[in-house]
Amino acid sequence: MITMKDIIREGHPTLRKVAEEVTFPLDDASKQTAQDMLEFVKNSQDPELAEKYDLRPGVGIAAPQIDISKRFIAVYLSEEENDGQEFSRIMFNPKIISHSAGKTALPTGEGCLSVDRKVAGIVPRAARVKIQYFDQDGQKHEERLRNYPAIVVQHEIDHLNGVLFFDRIDPDNPLALPDDVELLG
Ligand SMILES: Cc1nc(NNC(=O)[C@H](CC2CCCC2)CN(O)CO)c(F)c(N2CCN3CCOC[C@@H]3C2)n1
Ligand code: NI
């Protein structure tokens, strides 16, 4: 199982690399790793398991965070967290194919399992995205996301491009709410 010791931290070069696309058919190792990543996110949201294995809570994780510079991510939002609908995905080669002009942000800013410090500030992201990704069988999917899932998936795709959340905070005015950004409420 993945635990915090497997997660690389700010300063590790892999976090700043552009990850490689995966090719299909997927090798078994990548399939297993992706499952382990989803399991980690779910475990991190379980109070007992998080306590037992000292896991920082998370709603998503990207392969580069466990030092695998490949383009795949895992996201898990429970139905309580996501307007009554569970959002559980493993995405290979995820790509934003279009997005709204309007932006959104989490009111409390963002954190990252690979960043062991708090960085205050608004992280503006597209309010709605149309993404394309492949599942572990190589099936192509297209999905429109908004609100919480859209924010989480953008945070994870950023990791595949070597981008960290604080790169998107306005250094001159971190807490200012830009005109075109609506806070997620
Ligand atoms: C928003 C939030 N971010 C948490 N952590 N950071 C992360 O997930 C990083 C990724 C998120 C940071 C902002 C967008 C994506 C991980 N990362 O760096 C991946 O690249 C949380 F833990 C959290 N929640 C709310 C839901 N709750 C359910 C019950 O269990 C506790 C859990 C806490 N919400
Ligand atoms: Ni992160």
Side-chain angles (χ1 to χ4, degrees), residues 10 15-22 34 37-38 40-42 44-45 56-65 69-115 117-135 139-185:
E10 192 181 359
L15 286 175
R16 289 307 192 177
K17 282 186 192 155
V18 175
E20 290 290 315
E21 290 213 329
V22 300
M37 285 163 51
L38 183 59
F40 167 81
V41 178
K42 289 179 175 176
S44 79
Q45 295 183 23
R56 260 187 69 186
V59 290
I61 192 167
Q65 291 183 275
S69 198
K70 288 186 181 170
R71 303 183 79 81
F72 60 99
I73 67 176
V75 175
Y76 184 78
L77 298 171
S78 62
E79 53 186 309
E80 295 78 30
E81 292 293 318
N82 187 47
D83 299 336
Q85 195 176 21
E86 180 184 70
F87 184 83
S88 179
R89 299 282 188 284
I90 291 174
M91 298 183 184
F92 293 93
N93 300 339
K95 192 160 69 174
I96 295 172
I97 46 183
S98 68
H99 62 82
S100 59
K103 293 187 175 4
T104 186
L106 291 176
T108 52
E110 296 188 9
C112 183
L113 295 174
S114 295
V115 177
R117 61 192 172 103
K118 286 201 183 309
V119 183
I122 296 294
V123 182
R125 296 190 184 279
R128 291 178 305 288
V129 289
K130 186 175 178 186
I131 59 165
Q132 172 196 298
Y133 66 91
F134 294 83
D135 63 25
Q139 284 300 316
K140 184 152 82 170
H141 299 258
E142 274 193 17
E143 232 179 306
R144 289 180 182 281
L145 303 176
R146 60 182 55 211
N147 301 332
Y148 205 0
I151 292 175
V152 178
V153 168
Q154 288 177 78
H155 176 112
E156 304 314 334
I157 291 177
D158 269 355
H159 276 299
L160 306 182
N161 297 318
V163 174
L164 296 175
F165 74 93
F166 50 72
D167 299 341
R168 296 184 178 279
I169 295 173
D170 176 352
D172 302 328
N173 225 329
L175 297 176
L177 186 65
D179 299 354
D180 60 341
V181 179
E182 304 235 337
L183 288 183
L184 190 66

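Computed from a predicted model, the values in this text were never measured in an experiment.
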Peer 1: Using only atom types and a distance under 3.5 Å, with no angle test, would you say the side chain of Arg71 pairs donor to acceptor with the backbone of Leu160?
Peer 2: yes

Peer 1: Can a salt bridge be assigned to the pair Arg117 and Glu10 using a cut-off of 4.0 Å between side-chain N and carboxylate O?
Peer 2: yes

Peer 1: Counting only heavy atoms not in Glu142, do more than 12 fall under 6.0 Å of its CD?
Peer 2: yes

Peer 1: Hey, does the side chain of Asn147 reach the backbone of Leu184 with a donor-acceptor pair shorter than 3.5 angstrom?
Peer 2: no

Peer 1: Mark yes or no: Arg89 above the aromatic ring of Phe87, with NZ or CZ under 6.0 Å from the six-membered ring centre and no more than 45 degrees from the axis.
Peer 2: yes

Peer 1: Looking at Lys42, I want to see if its NZ is surrounded by more than 12 non-hydrogen atoms of other residues, nucleotides or ligands under 6.0 Å.
Peer 2: yes

Peer 1: Testing the basics here: between Pro124 and Lys103, what is the closest heavy-atom pair and its distance to 0.1 Å?
Peer 2: CB-CD, 3.8 Å

Peer 1: Nearest 0.5 angstrom please: Thr108 OG1 to Lys118 NZ, how far?
Peer 2: 9.5 Å

Peer 1: For Ser114 versus Leu15, what's the shortest heavy-atom pair and its separation?
Peer 2: CB-CD1, 3.7 Å

Peer 1: Under the 3.5 angstrom rule, does the side chain of Glu156 hit a backbone N or O of Val153 as a donor-acceptor pair?
Peer 2: no

Peer 1: Of the non-hydrogen atoms in Ala62 and Ile73, which two are nearest, and what is the gap between them?
Peer 2: CB-CG2, 3.9 Å

Peer 1: Quick one: does Glu182's side chain have a donor or acceptor within less than 3.5 Å of a partner on Gly102's backbone?
Peer 2: no

Peer 1: In Å, rounded to the nearest 0.5 Å, how long is the span from CD of Glu79 to CD of Glu86?
Peer 2: 7.0 Å

Peer 1: Taking side chain as C-beta onward, heavy atoms only, is Arg16 less than 4.5 Å from Leu164?
Peer 2: yes

Peer 1: Can you tell me how far OG of Ser44 sits from CD1 of Ile61, rounded to the nearest 0.5 angstrom?
Peer 2: 8.5 Å

Peer 1: How about Glu20: does its CD atom have over 12 heavy atoms from other parts shown lying under 6.0 Å from it?
Peer 2: no

Peer 1: Quick one: closest heavy-atom pair of Val18 and Ser69, and the distance?
Peer 2: O-OG, 4.1 Å

Peer 1: Would you say the side chain of Ile122 lies within less than 4.5 Å of the side chain of Leu183, judging by non-hydrogen atoms?
Peer 2: yes

Peer 1: Distance from Glu80 atom CD to Gln45 atom CD, nearest 0.5 Å?
Peer 2: 9.5 Å

Peer 1: For residues Ile90 and Asp135, determine if any side-chain heavy atom of one lies less than 4.5 Å from a side-chain heavy atom of the other.
Peer 2: no

Peer 1: Using side-chain heavy atoms (C-beta onward) and a distance below 4.5 Å, is Tyr148 in contact with Val59?
Peer 2: yes

Peer 1: Testing the basics here: between Ala105 and Val181, what is the closest heavy-atom pair and its distance to 0.1 Å?
Peer 2: CB-CG1, 3.8 Å

Peer 1: Under a 3.5 Å distance rule, please check whether Ser88 uses its side chain to pair with a backbone N or O of Tyr76 as donor and acceptor.
Peer 2: no

Peer 1: Determine whether Phe165 and Leu106 make a side-chain contact, defined as any pair of heavy atoms from C-beta on separated by less than 4.5 Å.
Peer 2: no

Peer 1: With a 4.5 Å limit on heavy-atom distance, are the side chains of Met37 and Gln65 in contact?
Peer 2: no

Peer 1: Looking at Val129, Ile131, Asn82, which one forms a side chain to side chain contact (heavy atoms under 4.5 Å, CB included) with Pro149?
Peer 2: Asn82

Peer 1: Are the side chains of Asp158 and Arg125 in contact, using a 4.5 Å heavy-atom criterion?
Peer 2: yes

Peer 1: Calculate, to the nearest 0.5 Å, the distance between atoms CZ and OG belonging to Arg128 and Ser100 respectively.
Peer 2: 4.5 Å

Peer 1: What class does the angle between the rings of Phe72 and Phe92 fall in, given that below 30° is parallel, 30 to 60° is tilted and above 60° is perpendicular?
Peer 2: tilted

Peer 1: So does Pro94 get a backbone contact from the side chain of Gln132, meaning a donor-acceptor N/O pair under 3.5 Å?
Peer 2: no

Peer 1: Nearest 0.5 Å, please: how far is CZ in Arg168 from NE2 in His155?
Peer 2: 10.5 Å

Peer 1: Quick one: closest heavy-atom pair of Cys112 and Arg56, and the distance?
Peer 2: O-NH1, 3.1 Å

